[in-house]
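The shown structure was predicted, so the numbers you read here are calculated from the model rather than taken from an experiment.
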Amino acid sequence: MSETPTSVRGMNDLLPPDSAKWQHLERTCRDLFTRYGYALVRPPVVEHTELFVRGVGEGSDIVGKEMYTFADRSDRSLTLRPELTAGLARAYIEHAMAAKEAVTRWWSLGPVFRYEAINTGRYRQFYQIDCEVYGVAEPTLDAEVIAMLLALYGELGVAPLTMLVNNVGRGEDRSRYRAALVEFLTPHAAGLCADCQRRLVTNPLRVLDCKVEADRRVVAAAPSVLDHLGPEARAHFDTVLATLDELGAPVVVEPRLVRGLDYYTGTVFELTTTAGNLGSQSTIVAGGRYDEMIGDLGGPATPAIGFGIGVERTVLCMPGDPATFVAPVGVFIAARGEAARRRATALAHALRAAGIVVEVEHRDVGMKAQFRRADKLGARYSLALGEAELATGAAKLKEMATRAEHDVTLAELVATVTRLLAA
RNA sequence: GUGGAUGUAGCUCAAUCGGUAGAGCACCAGGUUGUGGUCCUGGGUGUCGUGGGUUCGACUCCCAUCAUCCACCCCA
């Protein structure tokens with residue numbers, strides 16, 4: 001390897017124009033979530049390792065083998081967050097939110113870290129956008145959250161979409177189903193893949209999610225979670241589905257849908273798409289209820305629901321060339337000579353104060369090069385300043401696409417440009 | 001973790017059978033133009049990913065290694 005520095009494997013630089021497409025996603029999320037009453041929270045990137053072990057679950061692959069864990073100088077065990085939900089739950093508890101308000105709606109975004117093999121739409125530092133609601137147990141909220149996601153992706157223009165939903169049960173329902181599943185699978189154990197033979201003991205629900213063909217055939221005949229829900233959970237799930245129907249939100253009930261994280265209870269969902277050539281990484285959002293996590297972490301028993309959006313994957317399946325998301329330059333100011341450049345700088349300053357996107361050529365290069373750059377930047381208008389313009393205070397404002405020119409006085413430039421750009 | 005492909009200029013890529021490398025893009029200048037986008041002309045950079053091996057001679061063949069991409073697995 002050469003001497004020049006390189007980024008860490010699986011951790012990439014986000015550069016223009018791709019960053020503009022990300023900004024569009026983030027803006028769309030912010031605006032939509034704000035309408036639903038979510039407020040932004042930014043927890044730290046690093047937490048005590050213990051939080052993730054307890055919050056995400058010891059049995060999960062994430063905690064088992066994917067965390068970036070290290071000892072700091074005081075020998076505390078810290079971990080780069082592998083997801084956002086646990087840190088947000090910690091903040092909810094630490095700031096005693098339950099005592100301050102009955103319902104808390106938070107959203108957050110930022111990098112998360114998992115030590116995994118790299119692949120399309122899969123990185124070691126990647127970005128998630130989360131929404132979490134604390135304090136509501138009722139099923140209409142589940143439907144609202146799911147429908148909001150469908151609205152978000154509709155607004156982003158992602159298609160086709162499939163929203164899978166399931167209810168993995170909790171408490172006694174979960175234990176009963178787990179027992180029934182183990183009872184069903186044990187006779188077939190010899191025919192299952194090595195991973196599933198292990199899962200049969202550690203986390204039998206995960207067997208349902210196995211992609212191995214032989215295992216899938218076995219699982220196809222397995223008992224369904226939905227048949228093992230008690231009346232309360234069954235009624236909850238039915239209301240979720242009925243509400244989604246009333247909202248006109250299309251979903252597919254998938255009894256074999258299981259999430260990889262241990263904390264989910266009851267409703268779980270997963271948004272997938274075939275857009276964007278994501279291959280097997282077609283899950284772009286995943287979430288569900290985690291009604292026991294806040295209590296398990298030592299907080300007041302508080303029902304909760306949330307989801308995580310995979311930002312890279314979402315951007316990959318969003319339509320549109322990234323360049324089209326870059327803010328277009330309103331005016332490009334070309335200048336010849338230092339006196340003209342000083343004036344150009346001042347004019348640009350004034351135009352920008354008026355909200356116009358302006359690029360000034362500060363380099364001492366020829367007019368040809370300046371206009372080529374104006375063209376390349378896609379500027380709506382260009383203004384050329386030289387000694388003559390400085391002397392007269394008048395200049396020509398050129399519309400690049402049509403090459404038509406408007407006579408302008410520099411004194412009225414801001415007003416003129418504002419009017420032209422608004423037209 | 002398993003399997004496959006690819007590493008050559010800042011970027012995208014070429015280089016026949018082994019004879020120490022070229023093009024386009026991008027960038028700048030000149031010509032044309034109104035000091036002005038197109039067009040024309042000119043301008044230069046490579047430890048050929050890295051380390052070994054074979055050979056008179058390696059970008060080319062062999063081995064190793066690293067990186068990137070893709071599939072599987074898992075996940076968002």
Any side-chain heavy atom of [X] within less than 4.5 Å of one from [Y]?
X: A/Glu254; Y: A/Glu270; result: no
X: A/Val268; Y: A/Val258; result: no
X: A/Ile129; Y: A/Leu25; result: yes
X: A/Val165; Y: A/Leu241; result: yes
X: A/Val136; Y: A/Ile305; result: no

Rounding to the closest angstrom, what is the interatomic distance between [N] and [M] at atom [atom1]?
N: B/G46; M: B/A23; atom1: C1'; value: 15 Å
N: B/G42; M: B/G49; atom1: C1'; value: 33 Å
N: B/G3; M: B/A64; atom1: P; value: 13 Å
N: B/C56; M: B/G18; atom1: C1'; value: 12 Å
N: B/G19; M: B/C62; atom1: P; value: 15 Å
N: B/G10; M: B/U16; atom1: C1'; value: 29 Å
N: B/G24; M: B/U6; atom1: P; value: 27 Å
N: B/A58; M: B/A15; atom1: C1'; value: 14 Å

Out of [options], which has the shortest distance to the side chain of [X]?
X: A/Asn119; options: B/U35, B/A76, B/C73; answer: B/C73
X: A/Gln128; options: B/A29, B/C69, B/A76; answer: B/A76
X: A/Arg114; options: B/C75, B/G37, B/C69; answer: B/C75

Between A/Tyr134 and A/Tyr92, what is the ring plane arrangement, given parallel below 30°, perpendicular above 60°, and tilted in between? parallel

Between A/Gln125 and A/Tyr127, do the side chains contain a donor N or O and an acceptor N or O under 3.5 Å apart? yes

Is the base of B/G36 stacked against the aromatic ring of A/Phe371, taking ring centres under 5.5 Å apart and planes under 30° as the test? yes

Please tabulate, for side-chain N and O atoms in residues 338-346 of chain A, each donor-acceptor pair with protein atoms closer than 3.5 Å (sequence neighbours left out).
{"unit_1": "A/Arg341", "atom_1": "NE", "unit_2": "A/His362", "atom_2": "O", "d": "3.4"}
{"unit_1": "A/Thr345", "atom_1": "OG1", "unit_2": "A/Arg341", "atom_2": "O", "d": "2.7"}

Rounded to whole Å, how long is the line connecting atom [atom1] of [X] with atom [atom2] of [N]?
X: A/Leu257; N: B/C75; atom1: CG; atom2: C1'; value: 13 Å
X: A/Gln370; N: B/U38; atom1: CD; atom2: P; value: 14 Å
X: A/Ile118; N: B/G1; atom1: CD1; atom2: P; value: 11 Å
X: A/Leu271; N: B/C75; atom1: CG; atom2: C1'; value: 15 Å
X: A/Met400; N: B/G37; atom1: CE; atom2: P; value: 9 Å
X: A/Asp375; N: B/G37; atom1: CG; atom2: C1'; value: 4 Å
X: A/Arg124; N: B/A76; atom1: CZ; atom2: P; value: 17 Å
X: A/Phe332; N: B/G37; atom1: CZ; atom2: P; value: 13 Å

Could you list, one pair per line, each protein nitrogen or oxygen that sits under 3.5 Å from a nitrogen or oxygen of nucleotides 23-27 of chain B, together with the distance?
{"unit_1": "B/C27", "atom_1": "OP2", "unit_2": "A/Arg372", "atom_2": "NH2", "d": "3.3"}

Let me check I have this right: for RNA chain B, each base becomes ., (, ), [, ] or |, based on Watson-Crick or G-U pairs with both distances under 3.5 Å. What is the full string? (((((((..((((.....[..)))).(((((.......))))).....(((((..]....))))))))))))....

Looking at [Y], is its backbone amide N or carbonyl O close enough to the side chain of [X] to form a donor-acceptor pair, meaning the two atoms are under 3.5 Å apart?
X: A/Lys398; Y: A/Ala384; value: no
X: A/Glu312; Y: A/Arg122; value: no
X: A/Arg380; Y: A/Ala401; value: no

Any N/O pairs under 3.5 Å between the protein and nucleotides 30-33 of chain B? List them or say none.
{"unit_1": "B/G31", "atom_1": "O6", "unit_2": "A/Lys368", "atom_2": "NZ", "d": "2.3"}
{"unit_1": "B/U32", "atom_1": "O4", "unit_2": "A/Lys368", "atom_2": "NZ", "d": "3.0"}

So what does [X] touch, heavy atoms closer than 4.0 Å: a base, only the sugar-phosphate, or nothing?
X: A/Tyr123; result: base
X: A/Glu361; result: nothing
X: A/Val311; result: nothing
X: A/Val112; result: nothing

Does the [N] base have a donor-acceptor partner in the side chain of [X] within less than 3.5 Å?
X: A/Lys398; N: B/G37; result: yes
X: A/Glu116; N: B/G1; result: no
X: A/Arg122; N: B/C73; result: yes

Of A/Asn12 and A/Arg313, the one whose closest nucleotide on RNA chain B sits nearer the 5' end is A/Asn12

Most 5' of A/Gly10 and A/Glu66 on RNA chain B, judged by nearest nucleotide: A/Gly10

Between the protein and nucleotides 2-7 of chain B, list every N/O to N/O distance that falls short of 3.5 Å.
none

Enumerate the residues from residues 377-388 of chain A whose closest heavy atom to RNA chain B is under 4.0 Å, giving them by residue number; use none for an empty result. A/Gly386, A/Glu387

Does A/Thr120 place a side-chain N or O at less than 4.0 Å from the phosphate oxygens OP1/OP2 of B/A71? yes

